[in-house]
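Naming: A, B, ... by sequence-line order, numbering from 1 per chain.
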Amino acid sequence: MRQEQAGERVESDGGPRRSPLALALDAIDALTRLDGWLGALCLASLTAFMIAGMATRILSTFVPWLPPDLPIAWEYSSYLMAATFTFGAAMTLRSGGHIRVRILLSRLSPGARRAVEVLVSLIAVAFCAFFTWALLHFTLTSYALDERSIASDTPVWIPQAVVTFGVLLMSLQFLARAVRALANLPLEAPAFESKDETIRGS
Amino acid sequence: QTWDMAVAYPPGNYHAKSAERFATEVAAATKGEVTIKVQAGGALGFKGPEMLAAVRDGLVPVGTMLLNQQVGVEPLLGIASLPYLVSSPSEMRTITDLARPAYDRIAQKHNQKILYMVPWPGQNIFAKTEVKAPEGFRSLKIRTVDRNGSDFFRELGASPAQMPWGEVVPALATGVINSVTTSSSSGVDGQFWDFTSFCHLVNWQSNFDMVTVNLAAWKKLTPDQQKAIEDVAKRLEPEFWKAAEQEDADKLKLLSDKGVKMVQSNDTLRTFMIAKATPKWDAFIAQVPAAKEIIEKYRAAVKK
Amino acid sequence: MLPVVGSLFAILFGSLAIGVWVGLALALTGTLLLFIFRDLPVDKLVAQYTWNILTTQELLALPLFILMGEVLFRTRLSRSLFNGLAPWAGLLPGRLLHVNVIGCSIFAAISGSSAATTQVVGRVALTELLKRGYDKRIAIGSLAGAGTLGFLIPPSSIMIVYGVLAQVSILKLFAAGIIPGLLLAACFMIWVMIHSTIRKDFIPEAERALGDVTWRERFLALKDLAPACLLILCVLGTMYGGLATPSEAAAIGVVGALAISALQGELTRDALHKIAIGAVLTCAMIALIVLGASILGSAAAFLGIPRAIANFVQSLNLSPFALILVLVVFYLVLGCFLEGFSMIVMTLPVALPIVTAAGFDPIWFGIFIVLVVEMAQIHPPVGFNLFVIQGLTDESLGFITLATFPYLVIMILFTLAMALFPDVVLWLPRNL
Ligand code: NA
Ligand code: NA
């Protein structure tokens with residue numbers, strides 16, 4: 001009960017007293033939502049690329065002015081896939097969509113559960129920080145060497161930077177989760193506003 | 001010292017086999033002080049195009065890499081794969097000798113050292129139907145692996161299609177594509193007799209693999225060990241080159257035995273293809289100025 | 001090797017037990033093992049792998065099929081599909097529970113991946129089954145089990161990997177998968193019938209009356225199947241008609257599903273919003289696990305774990321059938337922490353020569369490998385189909401694992417039967 005009140009006070013929109021911490025958490029959430037939408041956009045474009053590649057190949061037989069192939073179709077689709085995968089990661093975490101084993105968590109007292117949640121989130125933050133740093137370094141190396149793809153001569157640091165950004169945001173969301181766990185706030189929020197016919201949680 | 005050696009090709013491929021041979025000889029020459037574990041089939045998770053970086057960063061101490069796949073990082077490594085620039089074993093030797101100092105510098109720059117180089121059999125065209133005249137290219141929906149290949153076949157009039165290897169077999173089976181350009185080795189790896197009836201021996205492109213060692217790993221060896229390994233590499237390289245020629249002959253025979261008809265390229269076809277190929281040489285020089293000297297010396301040497 | 005394997009299990013199970021997200025736990029285990037036991041720039045390795053895996057073009061069908069499943073979930077397609085099938089299901093004990101197995105068998109002919117098959121069929125069928133009041137255990141278990149058919153019934157991504165590595169005809173492998181695939185589906189259906197006959201309460205009251213429908217009603221109901229059949233025909237047609245590769249056919253599936261949804265007037269802004277976000281969430285969930293599993297897989301390869309065990313198996317000099325028995329156990333153990341592709345790539349160089357020396361055909365072994373990889377998909381702690389179903393239902397992994405257990409047992413027995421009667425596998429490719 002107390003927990004929910006605390007949550008409402010800090011998280012409610014436009015409340016009179018909003019701590020800098022709550023603002024930071026909200027900012028991360030806003031970025032996460034934006035990222036999720038960018039992920040959806042990437043998914044839609046990758047579908048479009050695959051269809052376009054196929055259509056070009058089939059139609060060019062009959063339509064003389066069409067190019068015989070869309071050489072970037074597969075390559076760019078794969079970049080968009082990487083972007084979809086990483087951009088969605090933070091939002092999936094926020095909505096509780098990443099798979100985990102809850103055997104221990106479900107048997108603990110609320111206090112102990114919070115403690116374990118803090119610990120687990122901090123482990124995740126540590127690993128994701130390493131992960132983000134590794135990808136950043138990787139991207140910078142590609143940039144410094146002006147590495148190109150062999151399929152289309154595209155500078156690969158661009159899609160790599162996109163993936164790095166997605167992973168950075170996942171790290172931030174894990175950090176936000178650790179903070180929420182410490183501050184005894186609700187950890188997860190559904191991605192959809194309305195409860196629909198989904199079987200999730202039934 | 002125990003070194004992992006990353007090989008992206010299947011264990012049965014002759015590059016994997018020559019790697020095994022090299023490993024055995026190195027163990028013998030260093031009395032077991034240096035052992036190389038060949039990890040074929042991409043077992044370590046490396047697919048090929050990142051191999052230069054993988055050896056550079058010390059992710060694997062030794063790796064074998066297709067030069068033509070490293071052009072994203074070092075465009076000059078594509079020099080020997082220009083269409084119709086290099087078309088015979090002796091020309092392969094000439095270009096390798098001429099380009100080797102430049103390759104060595106590139107390897108040095110990427111924190112590695114070349115141990116030996118082995119050619120691939122030439123790139124041919126596997127197709128469901130026979131291409132008899134230049135117009136025949138228009139009916140080809142051909143799988144290519146990179147931008148250069150796509151550009152070349154587009155200019156020949158074909159419809160190139162870049163797709164991942166995993167899609168090639170279903171695509172050939174259902175007719176999404178009707179041809180593939182690759183070497184006799186890869187044709188056997190992909191069991192192409194299941195789908196294609198003709199192999200056009202056009203040999204439009206040469207490819208090379210180089211086996212390199214990470215410099216940090218190399219410097220951990222004693223001078224005696226280094227010398228022993230260099231000697232093994234030097235001694236085996238000519239053998240591997242002979243084996244490469246033999247490999248092409250064997251694989252072509254195998255394909256032929258399995259029912260793939262070998263089509264010798266006729267003069268009209270060859271002239272047509274070469275005419276489309278030669279402008280690429282100058283275009284390459286314009287893009288990679290360092291290639292100018294090598295290509296000029298090479299053309300003088302082979303009178304092309 | 002013992003300290004390596006010991007730390008692997010300690011780190012992996014320890015982090016999973018305290019609730020570290022599965023994908024992260026896998027990646028973390030692989031990374032830590034390399035830090036401890038190998039002198040490597042692990043950061044560069046992890047970054048390179050991540051890039052390689054996330055941009056693997058062979059994976060492209062997965063996000064596309066996930067998207068297709070989300071679109072279908074927002075249409076009336078599943079309800080009309082069930083309305084069409086219900087009078088026919090009345091003929092079988094188990095009623096509509098067979099929809100999972102039949103649906104997976106059909107979708108397996110479209111998709112080369114087991115996770116995609118489970119996700120799409122689950123998205124369409126599971127909600128409807130539960131809404132109609134069928135028991136969760138059979139609904140979930142049969143979905144997890146039958147979802148693995150995605151690899152066995154062609155096209156199959158696993159067979160392509162195996163065919164290239166073992167230099168076996170992929171076409172013959174595809175052919176070899178058909179009969180075992182149908183037989184395994186039949187075994188699943190028989191079990192569903194037995195199980196639902198023993199536990200009558202698993203079938204809701206209303207559905208038991210389905211046996212009393214007339215044949216006229218059955219045939220009239222067929223028109224409800226039209227949208228689903230049309231979509232399947234569309235995807236299969238573009239693929240087998242030579243217009244699309246398997247991954248491109250998945251994109252056709254998305255467009256087809258959108259078309260159905262639009263024709264039914266259900267493609268509202270709100271629906272599009274839910275489709276988009278739902279698909280991205282599922283993609284990200286599965287991708288994190290794929291990524292973690294691949295990082296751990298590569299770490300295991302660097303540490304030589306699978307090879308060491310395979311070499312040990314070789315040293316035992318077993319009789320052919322005992323060898324297969326031991327290999328099943330070996331792959332079950334590997335499947336605890338590795339995903340299918342890593343398992344094949346790492347063990348094949350050692351396992352294939354042993355098996356062919358014992359007199360087995362490489363094509364037969366390809367089907368064997370597909371079966372053990374499928375088992376790895378449905379046993380814990382790392383089982384992709386289990387994760388996919390957790391994503392679909394939010395049930396605990398323990399419950400899903402228990403519900404799936406009978407199907408795992410069926411698959412093990414089925415695999416051993418294939419070892420006793422290898423001609424079941426080899427007949428079709430030989431007579432092609
Ligand atoms: Na399939
Ligand atoms: Na498993």
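- The shortest distance between side-chain heavy atoms of Ile18(C) and Ile123(A) falls below 4.5 Å.
- Counting heavy-atom pairs closer than 4.5 Å to chain A, the top residue among Val254(C), Leu243(C), Leu67(C), Leu16(C) is Leu243(C).
- Between Ala284(C) and Thr92(A) the shortest heavy-atom distance is CB-OG1, 3.3 Å.
- The most heavy-atom pairs under 4.5 Å with chain C, out of Leu105(A), Ile58(A), Thr86(A), come from Ile58(A).
- Ile252(C) and Ile51(A) get closest at one heavy-atom pair: N-CD1, 4.1 Å.
- In this structure, Ser247(C) and Met50(A) have side chains that are in contact, with non-hydrogen atoms separated by less than 4.5 Å.
- The minimum heavy-atom distance between Ala279(C) and Leu43(A), with the atom names listed, is CB-CD2, 3.6 Å.
- A distance of 10.5 Å separates CD in Gln48(C) from CG in Leu135(A), rounded to the nearest 0.5 Å.
- Considering only heavy atoms from C-beta on, Phe131(A) comes within 4.5 Å of Val46(C) through its side chain.
- Proximity to chain A (any heavy atom under 4.5 Å) is shown, for Ala27(C), by both the backbone and the side chain.
- Contact annotation for Leu288(C): only side-chain heavy atoms (C-beta onward) come within less than 4.5 Å of a heavy atom of chain A.
- Residues Leu24(C) and Ala124(A) come closest through the heavy atom pair CD1-CB, 3.6 Å.
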> So Asp43(C) and Trp133(A), side chain to side chain contact (heavy atoms under 4.5 Å, CB included) or not? Walk me through it.
Replying inline: CA-CA 8 Å; Asp43(C) 59 316; Trp133(A) 179 78; 3.1 Å; yes

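- For Phe85(A), the parts lying under 4.5 angstrom from a heavy atom of chain C are both the backbone and the side chain.
- Within the 4.5 Å cutoff, the side chain of Phe127(A) has no heavy atoms near those of the Val20(C) side chain.
- Between Leu397(C) and Val101(A), the closest heavy-atom pair is CD1-CG2, 3.8 Å.
- Val22(C) approaches Arg100(A) most closely through the heavy-atom pair CG2-CA, 4.1 Å.
- Residue Leu136(A) does not touch chain C at all, counting heavy-atom pairs closer than 4.5 Å.
- The choice from Cys42(A), Ser78(A), Ala134(A) that makes the most heavy-atom pairs within less than 4.5 Å of chain C is Ser78(A).
- The aromatic rings of Tyr79(A) and Trp51(C) sit parallel to each other, their planes meeting at less than 30°, with 60° as the upper class boundary.
- If you measure heavy-atom distances from Leu45(C) to chain A, you find no contacts under 4.5 Å at all.
- Using a 4.5 Å cut-off between heavy atoms, Ala244(C) touches chain A through backbone and side chain atoms alike.
- Heavy-atom contacts from other residues, nucleotides or ligands closer than 6.0 Å to CD1 of Ile103(A) number 12 or fewer.
- Of the atoms belonging to His137(A), it is side-chain heavy atoms, and not backbone ones, that fall under 4.5 Å from chain C.
- Contacts between Ser396(C) and chain A at a heavy-atom distance below 4.5 Å are absent for every atom of the residue.
- Proximity of Met285(C) to Ile99(A): side-chain heavy atoms (C-beta onward) are separated by under 4.5 Å at one or more points.
- Looking at heavy atoms from C-beta onward, Leu60(C) lies in side-chain contact with Trp74(A) at the 4.5 angstrom threshold.
- Neither the backbone nor the side chain of Leu41(A) comes within contact range of chain C; no heavy atoms are under 4.5 Å apart.
- Highest contact tally toward chain A, considering only Thr282(C), Thr238(C), Leu59(C), Ile286(C), is held by Leu59(C) [criterion: heavy-atom pairs under 4.5 Å].
- For chain A, the nearby part of Val255(C) is the side chain; its heavy atoms alone come within less than 4.5 Å.
- From Glu248(C), atom CD reaches atom CZ of Arg57(A) across 4.0 Å, with rounding to the nearest 0.5 Å.
- Taking the ring centroids of Trp21(C) and Phe174(A), they lie under the 6.0 Å cut-off.
- In this structure, the side chains of Ser95(A) and Leu281(C) come closer than 4.5 Å at one or more pairs of heavy atoms.
- When side chains are defined from C-beta on, Phe387(C) does not count as touching His98(A), because their heavy atoms never get closer than 4.5 Å.
- Of the listed residues Gly398(C), Ala287(C), Pro41(C), Gly23(C), the one with more heavy-atom pairs under 4.5 angstrom with chain A than any other is Ala287(C).
- Counted within 6.0 Å of CZ on Phe13(C), heavy atoms from surrounding residues, nucleotides or ligands total more than 12; the atom is thus considered enclosed.
- With a threshold of 4.5 angstrom between heavy atoms, Phe49(A) does not approach chain C through any atom at all.
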